[in-house]
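Taking it in order: structure first as structure tokens, then the write-up.
Worth knowing before you read on, the calculation uses all heavy atoms, side chains too, and leaves out hydrogens, waters and symmetry mates. As the structure is a computational prediction, the values presented were derived from the model and not from experiment. Just so we're on the same page: letters track the sequence lines, and every chain starts at 1.
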Amino acid sequence: MAPKRKKVEVEEEEARAQVEVEEEDEEEEELAFSRNYFLAKEVGSASGKRSAARKVSEINLVDEQLLRASLSELPTKHEKEIGSLLESYKGLYSNWLFELRCGFGLLMYGFGSKKAFLEDFASSTLTSYTVVVINGYLASVNLKQVMTTIAEILWEHYKCKAKISTGKKQQTQLPNGLKSVDDIVTFIVDISDDCNCSVCLLIHNIDGPALRDPDSQQHLARVSCCSCICLVASIDHVNAPLLWDKKMAYTQFKWSWHHVPTFVPYKVEGLFNPLILFSSGHVQTTKTALVVLQSLTPNAQSVFRVLAEFQLANEKEEGMHVSELYTKCREQFLVSSQVTLNAHLTEFKDHKLVKMRRHSDGQDCLHIPLPTNALEKLLQELV
Amino acid sequence: MAKHQSSPQSASSQGANSQDANHTLEPFFVLHKAQPQATVVEKVSKSRKGRKKGIESSPKSPEKSKRTTSDEQPSNTLYEQWRFKAFNEIWSLIQSSIEGVLRDINLKLFNEVLQWIEDSFSEIKSNVKLSSSEILQPYPLLADTLCRKIPTAFVLTKNAEYVDDIQTFCDLGSHLKANRCHVANMSALDFSLKFGIGGSVRSLLRQLHSEPLDGKIADMLTLAKWYCEEENNDKPIVVMIDDMECCNADVLGNFITMLSEWVMKIPIFFIMGVATTIEAPKNMLPSDALQHLNPCKLTLGTPSDRMNSLVESVLVEVCYCFSLGHEVSVFLRNYFLRHDGTITSFISALKLACSKHFSLESVSFLGLYMLDQDSEERWSEKFVYLPESMKRCILNLHSCKSEKNLQGGVGSIVQQLSDLKASQRFWSSVVLCLFEVARYSKMQFLDIFCEATDPKMYCMNGSENILKKHFRCGDKNSTARSSSGVGSITRVIHTIREMPVAALSNLLDKWNNHTEEMTEINEEVKKLQSVLASVDEGKVYEENLHNIRNRKSVSVISGKGNSANEKVAMLLDAMIRKYMKPLECMTLHEIICFRDVDVLQSGLIGDPRKTIQLDLLKCHSYLSCSCCSSDAKNLSPSMHDTSIMYKLAQEFGDVINLYEWYQSFKTVLTSSSQTSRKRGCPSPASKKAKPLPPSETEALIQARFCGAVTELQISGLLRMPTKRRPDFIQRIAFGL
């Protein structure tokens, strides 16, 4: 019975290893095809040198909290120059208003946060408009709520007008009865011609995470066509124009592009982005590995230690043979049988503490997927 | 939910306050409501405008203009309103002209479609007569599948981009509605997999019902009930799909099959736009849906035909109040030919040019009076109220600087404006004559238009005639030049020489209409007409015309001597030299001529991919600081962090090793700050770094590094590390 089970386990391991190798190959392939032949060659040579490439973990990272604190208090470079750059844009406010009134949508692009200065433009120049600001950089934007608010504003004006000239389109239902975003947008389009108010939608990052899906863009495009609604939007992503087809760009949004680099830090826009030095995995993996190991039995911890010490002592080796590990663990009275060792190994593999590799000699070997310094740190903390 | 902020104070001035801090994390909020006062001010000034009151009455009371920083601002607002009014009137004129042209060009097709619908409808009516109760019964279905075919017109749009056809289908819809048809204008969005066939039927019902559905179930029975109503009955229902190939094939197939079940009860017709070939529906639709269609093929005009009509009516006939400079014309021509070839993009570019002209040219409002019969009176009236500053604006226009006559005062300016108007009329008459020949030889009007607006061409014309120039260049050369838009006029003249007598006679008839305002030319045209009438077929006209110059060279090369064709060509040449003066050669042309091609290009084509990279690589050109080097290759610690990082990233290949990138960044920040400290020139970075302990300096550098990577990620210039490759970042944009 036991050999059969063992055979099944080995087959499973082989299959998993195969999948891992395939995944890696796919990624290589993707990279290679991502650009032309010559650059693919370059990637090939880069991947060849990868073993010698330096790791992020080699950077002497400061504490994450300290780094976040420093980031929030980071002084802005060229504050004066940025101020005068923004001041120079104020001279264009009247031209922008002119274009809005001509029926164009303003699309602001260029490096730097445009949030503050666009709101300044809206506050100082668009006084005859009701301005609704959408913070598109937030993933929590709910377009239905936005559309409901716009519908409410228009409905308010529509009702006032209907009071004056009675008997006109009395059958139009209240926005409260509308169910889907599509219904609300249709409602807005229907009543917009009869509203004598002007609403300006100011969208920070129309290419933001919550708005970049085709449906949201379609809804915004339909709303932007309404006679009483105009649009001022900003984009930051270099590929943002791909969001719109020709119908949307020319007949609905009717963009007039304006290049307005501000060089103001993207403080709010990048608030929820992970910090690159802490998201790469090593720091997190060491911490999580420690948590997992501490929850295991002392014997299991010792088995891991045997494997880790072997790996530290033989950095050039591809990994430790299972049989070798078994022998060493048995010598130290950590395991009594292969089954016990396998139970430990399954636990390690489930938590991705250990990976199975095919050794160049054809045998399976075990490997801990952590860089040397991270492994050393882990062993120190495991005591 | 949204918070309503009552006072619209400057957002930037209150950037630090808590309300703004809350607003940054709110998904959306109402910044301010429309101020009634602002609308009132606008209305007051509009009414002033209506009464033609002058500038004396325009300055507002100090209470009303709280935001003004100088006395000139209220009057600037007034001029802006005048310019806006001028834009509105002129653009509505251009737009109505565009709509008219496009409607006329499609009218033949529209009538064809209408005829087809009427014929099919009367055929159905003669075969089947059902009562309301029979229509409302969902069963029994008609067994004969042949009877269940929906008459379908596939309209070949000959356009890879369907954006131009949206308006055509809208116009077709209005045309059919006006001729007793129910019309539903549907698009690919109504046939999406997401909403399925339910969405399609709902959309169809929504368009047919004049009232909202109010919770009614969207099914065929609702449609049948609606059709049974007295006012809806006895009319065909036309379902138009402008971009059939973009629809989901399964949903459209099901929709067709479902409608086919009802086709004998409710007379439904399909009109589908097909962008590629007539084979497309066969390849796309499932066979069971296809068998329910009774196809008919119709074809739309080509974009180049439409473009020719647009150029003729919009750019040449309506050019007195707004016109395009040569560079802008060439840009628009290339934009049409090389960008996407759609009329829609051309029209939107034209509108943007128009709005930019009226927004940026302070005295452009004067162009509005070009439209009036009594332009001179209107200008004189206007100039009485214009302040000195505005008059100075006019005299400072580039074309006026060399003009000494203008110093004479208002009268001379008005005279110049009248000359400008007359010159434009003559110019457009000659260009229309050229177009008549181009129509015969199927040339592109836009090429001729571009050449006719070229001021250099006019300067050359002054010294030698076009025929001579043409022959000197030789045919080979002129053909080569014609492909780039140069030499089109010479080709037009060459065409005349090869025209048969009948075509020439037709041409002269049309010229007779176009040249009514140019008496001298008109007389010549009439003479030529009478001569042509007296000439028998094949007989060569041998009478000499006094004003033909360089006869020898012409006759030697053409080999036709003094034929009627030659004389017509000579006449055209004379017309061009005398009357086709490009607008840019005229004084005060800036008032009606838009020439700023860079402004138009940047407003039309954003190209953020290139521009954002350039922002980062050349940040000094925007910030113009004294602390950083203007040399793009030099890196100094005072530079913008993201700019340093992006410049460093240029040294890597497809992937960037994070460790190496960080070390390079750190080196730039630290080593250079040390050298700058030695030099005694403090930079912002060194000032901050000096008093800090090493760990905090390290934290600061790491924070700057993380911040810069985040900014590059927001710009879309980097792809974040994968789990498998945690130490590498992938670059996305390469080259500019």
* **Pi-cation contact, B:Phe195 with B:Arg202 (under 6.0 Å, within 45°)** =>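 No, B:Arg202 does not sit over the ring of B:Phe195.
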
Is there a donor-acceptor contact under 3.5 Å linking the side chains of [X] and [Y]?
X	Y	answer
A:Ser256	A:His258	yes
A:Asn205	A:Asp236	yes
A:Glu99	B:Ser355	no
A:Glu119	A:His204	yes
A:Ser123	A:Asp120	no
B:Ser345	B:Ser348	no
A:Asn135	B:Glu26	no

* Salt bridge between B:Asp641 and B:Arg704, side-chain N to carboxylate O under 4.0 Å? ->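 Here B:Asp641 pairs with B:Arg704 in a salt bridge, since their nearest N and O are under 4.0 Å apart.
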
* **Lys/Arg-Asp/Glu bridge criterion (N-O < 4.0 Å) met for A:Arg222, A:Asp182** => yes

Is [X] close to chain B through its backbone or its side chain, or both, or neither, when contacts mean heavy atoms under 4.5 Å?
X	value
A:Gln252	neither
A:Leu74	side chain
A:Asn239	side chain
A:Phe272	side chain
A:Leu85	side chain
A:Leu67	both
A:Leu118	neither
A:Lys246	both
A:Asp207	neither
A:Ile203	neither
A:Gln218	side chain
A:Ser72	neither
A:Val146	both
A:Phe104	side chain

* To do: Classify the angle between the aromatic ring planes of A:His259 and B:Tyr622 as parallel (below 30°), tilted (30 to 60°) or perpendicular (above 60°).
  => perpendicular

* Could you label the plane-to-plane angle of the A:Phe263 and A:Phe111 rings as parallel, tilted or perpendicular, counting under 30° as parallel and over 60° as perpendicular? => tilted

* Chi angles and distances behind the side chain to side chain donor-acceptor pair (under 3.5 Å) call for B:Asp242, B:Ser187 -> CA-CA 6 Å; B:Asp242 50 17; B:Ser187 70; 5.1 Å; no

Please determine, among [options], the option with the most heavy-atom pairs under 4.5 Å with chain A.
options	value
B:Gln167, B:Gln663, B:Lys356	B:Lys356
B:Thr344, B:Asp164, B:Leu616, B:Ile166	B:Leu616
B:Leu717, B:Ile605, B:Thr710	B:Thr710
B:Gly716, B:Cys619, B:Ser715	B:Ser715

* Structure fact -> Most heavy-atom pairs under 4.5 Å with chain B, out of A:Val141, A:Ile59, A:Leu86, A:Asp245, belong to A:Ile59

Select one option (side chain, backbone, both, neither) describing which atoms of [X] are under 4.5 Å from chain A's heavy atoms.
X	result
B:Thr642	side chain
B:Leu614	neither
B:Leu604	backbone
B:Lys351	both
B:Ile347	neither
B:Cys354	neither
B:Ser602	backbone

